[in-house]
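In what follows, every chain begins at residue 1, and chains take the letters A, B, ... in the order their sequences are listed.
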2 protein chains.
Amino acid sequence: MLEELSTREKIILAGAEIIIHEGLKRFTAKNIANKIGITDAAIYKHFPSLDAIVVEIINRYISRCSQSVDRAKELGLSTEETLKQVMREHIKVLEETKGAVPVLCFEFSRSGNKKFFDILHKFVEDYKKKLSEVIKKGQEEGLVKEDIDPSETAMLFVGLIQAKVFAYVMERREGPIIKDPDQLISELFYGIIKK
Amino acid sequence: MLEELSTREKIILAGAEIIIHEGLKRFTAKNIANKIGITDAAIYKHFPSLDAIVVEIINRYISRCSQSVDRAKELGLSTEETLKQVMREHIKVLEETKGAVPVLCFEFSRSGNKKFFDILHKFVEDYKKKLSEVIKKGQEEGLVKEDIDPSETAMLFVGLIQAKVFAYVMERREGPIIKDPDQLISELFYGIIKK
DNA sequence: CTTTACAGTTAGCATTTATTAACTTAAAAT
DNA sequence: ATTTTAAGTTAATAAATGCTAACTGTAAAG
């Protein structure tokens, strides 16, 4: 294929792949190095520490997610369509990253590592805020129920998508994580009960 | 408090607490032992390996979840109330296990560890089957929308709960994971959109 | 040409980890 | 009263891990 990738880039990709397919316990310098045909020590020519690789992986995911929300908002759609578009964009990013970052969130939000926590926390807060605004607008327009908490629901959005990754993995499926994004969105929007 | 707990029991509780509050990387014999005032070697008087502790934590959660579905079904409630009761029971188990199992699911579903994966897989399939039956009954009775897939929706149940654990962890909250279970159930049932 | 910088190597160090072995002690069983 | 067992200890081992240091080759810059 296109072997034009720099070693730095290969490290990031191999690292993400390990997290996705083998779990955090296998995210070690040796495993990453093996995967791309160098030695573990060579990793440190490109990154000061393994933590730095994780930071890079997270930051890339975060910026893509944030951008995708902004992109959806800029389309000038109705509130309902904006919300749906945001979800669709999020699902797209998730598919491409196979849900690696949720795993990282789970682990590093609790690892006592302030650096990670601050990055992840800031991201989640930012994302929640952006989404909350759309939901709040929906409430003002009489579209969304008044008794729901916008920021709670925003987190539900994010979490729900991540849970789909779990189902995907547990059912040993191949192909897309979310078969029918619009069905999922519709269930969240209109519930599962008739009328 | 009630110091009547056996060491074995303390190990399981301390282990779960470490997983939820400090992450999997800190799930080590030494950390568990420190938490309950014994040495790491003493752990092995009660469990053959650390993996065995994880298996025990997962199995307990699983059997309680399964039981709670059966219990809810036996109450002879309406389909709608049965579904709600199942969710309430599941949330109760989740709270009592402090959300450790969803975290483990995320990690071990991709760790390549066949032992863990098989346990989780069996659980998910079983749980999905039981719940699907209730949902299907709901569809036959005209309660639940026809265009939803029962087993997909069963997984949605599980996923919703995972989403809540994610939010709980990311927001560094204390206390209950799900503040208002009935609100959550209602959102799933009736959606977030008005009418 | 020579120098310098880069990107890799091998070797090694300090630490951590899971686990085991050998020993102690106190309580329960005989 | 003696033996056995359970549950703890300390000490040790082997392997893995993160990371560093010293070295090597290559290729661009001067």
Side-chain angles (χ1 to χ4, degrees), chain A residues 2-58 103-104 107-108 110-117 119, chain B residues 2-19 21-58 100 103-104 107-108 110-117 119:
Chain A
L2 41 136
E3 277 302 326
E4 307 307 310
L5 291 169
S6 70
T7 304
R8 205 189 128 88
E9 213 60 28
K10 283 187 198 166
I11 290 170
I12 290 167
L13 290 180
E17 208 158 291
I18 286 170
I19 291 166
I20 290 162
H21 288 120
E22 301 173 50
L24 278 163
K25 286 211 169 139
R26 299 244 168 100
F27 183 82
T28 65
K30 204 169 194 173
N31 279 334
I32 297 169
N34 277 348
K35 227 176 159 90
I36 59 176
I38 57 174
T39 56
D40 53 348
I43 301 273
Y44 294 90
K45 301 285 170 179
H46 302 273
F47 291 92
S49 68
L50 287 184
D51 281 7
I53 302 174
V54 173
V55 169
E56 181 90 21
I57 292 172
I58 293 174
V103 180
L104 290 171
E107 182 63 15
F108 291 113
R110 254 145 334 123
S111 68
N113 184 321
K114 222 184 148 342
K115 196 182 9 169
F116 289 140
F117 181 76
I119 294 174
Chain B
L2 40 136
E3 278 300 328
E4 307 307 309
L5 291 169
S6 70
T7 303
R8 207 189 126 89
E9 215 59 29
K10 283 186 198 165
I11 290 170
I12 290 167
L13 290 179
E17 208 158 292
I18 286 170
I19 289 166
H21 285 122
E22 299 173 50
L24 279 162
K25 284 213 169 137
R26 297 244 168 102
F27 183 81
T28 66
K30 203 169 195 172
N31 279 333
I32 297 168
N34 278 349
K35 223 176 161 91
I36 60 176
I38 58 173
T39 56
D40 52 350
I43 300 273
Y44 294 88
K45 302 285 171 179
H46 302 273
F47 292 92
S49 68
L50 288 184
D51 279 7
I53 302 174
V54 172
V55 169
E56 180 88 22
I57 291 173
I58 294 175
V103 177
L104 289 171
E107 177 63 15
F108 291 115
R110 66 189 68 207
S111 70
N113 184 319
K114 222 184 149 339
K115 195 183 7 170
F116 291 137
F117 184 83
I119 294 175

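Shortest non-hydrogen contact noted between Tyr44(B) and Ser49(B) is CE2-CA, 4.0 Å. Across all their heavy atoms, Ile57(B) and Gly15(B) have their closest contact at CD1-C, 4.2 Å.
Rounded to a whole Å, the CG atom of Asp40(B) is 9 Å from the P atom of dA18(C). Between the NZ atom of Lys45(B) and the P atom of dA22(C) there is a distance of 11 Å, rounded to whole Å. In this structure, Lys25(A) atom NZ and dT16(C) atom C1' are separated by 14 Å, rounded to whole Å. Note: OH (Tyr44(B)) to P (dT19(C)) measures 4 Å, nearest angstrom. For the pair Ile43(A) CD1 and dC6(C) C1', the computed distance is 16 Å after rounding to whole Å. What separates CD1 of Ile11(B) from P of dA18(C) is a distance of 13 Å, to the nearest Å. Rounded to whole Å, the distance from NZ on Lys30(A) to C1' on dT10(C) is 12 Å.
Phe27(B) comes within contact range of the sugar-phosphate backbone alone, with a heavy-atom separation under 4.0 Å but no base atom that close. Using a 4.0 Å heavy-atom cutoff across all strands shown, Ala42(B) reaches at least one base atom of the nucleic acid. If you check every strand for non-hydrogen atoms under 4.0 Å, Thr28(B) touches sugar and phosphate atoms only.
A side-chain contact (heavy atoms from CB on, under 4.5 Å) with Glu56(A) is found for one member of Ile12(A), Ile11(A), Asp51(A) and no other, namely Ile12(A).
Here Phe27(B) contributes atom CZ and Ile19(B) contributes atom CD1; the two are 4.5 Å apart, rounded to the nearest 0.5 Å.
The closest donor-acceptor contact from the side chain of Asn31(A) to the backbone of Arg26(A) lies under 3.5 Å.
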Can you list the steps and then say if Val55(A) with Phe47(A) is a side chain to side chain contact (heavy atoms under 4.5 Å, CB included)?
CA-CA 11 Å; Val55(A) 169; Phe47(A) 291 92; over 6 Å; no
Is there a side chain to side chain contact (heavy atoms under 4.5 Å, CB included) between Ile32(B) and Ile43(B) once you walk through the steps?
CA-CA 8 Å; Ile32(B) 297 168; Ile43(B) 300 273; 3.7 Å; yes
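Note on His46(A): every side-chain N or O is 4.0 Å or more away from OP1 and OP2 of dC6(C). For dG8(C), neither phosphate oxygen OP1 nor OP2 lies less than 4.0 angstrom from any side-chain nitrogen or oxygen of Thr39(A).
Along DNA chain D, the nucleotide nearest Ala41(A) and the nucleotide nearest Asn31(A) are compared for position; the residue whose nucleotide lies closer to the 5' end is Asn31(A).
Chain A approaches DNA chain D within less than 4.0 angstrom (heavy atoms of the protein), and the contacting nucleotides run 5' to 3' from dT17(D) to dA22(D).
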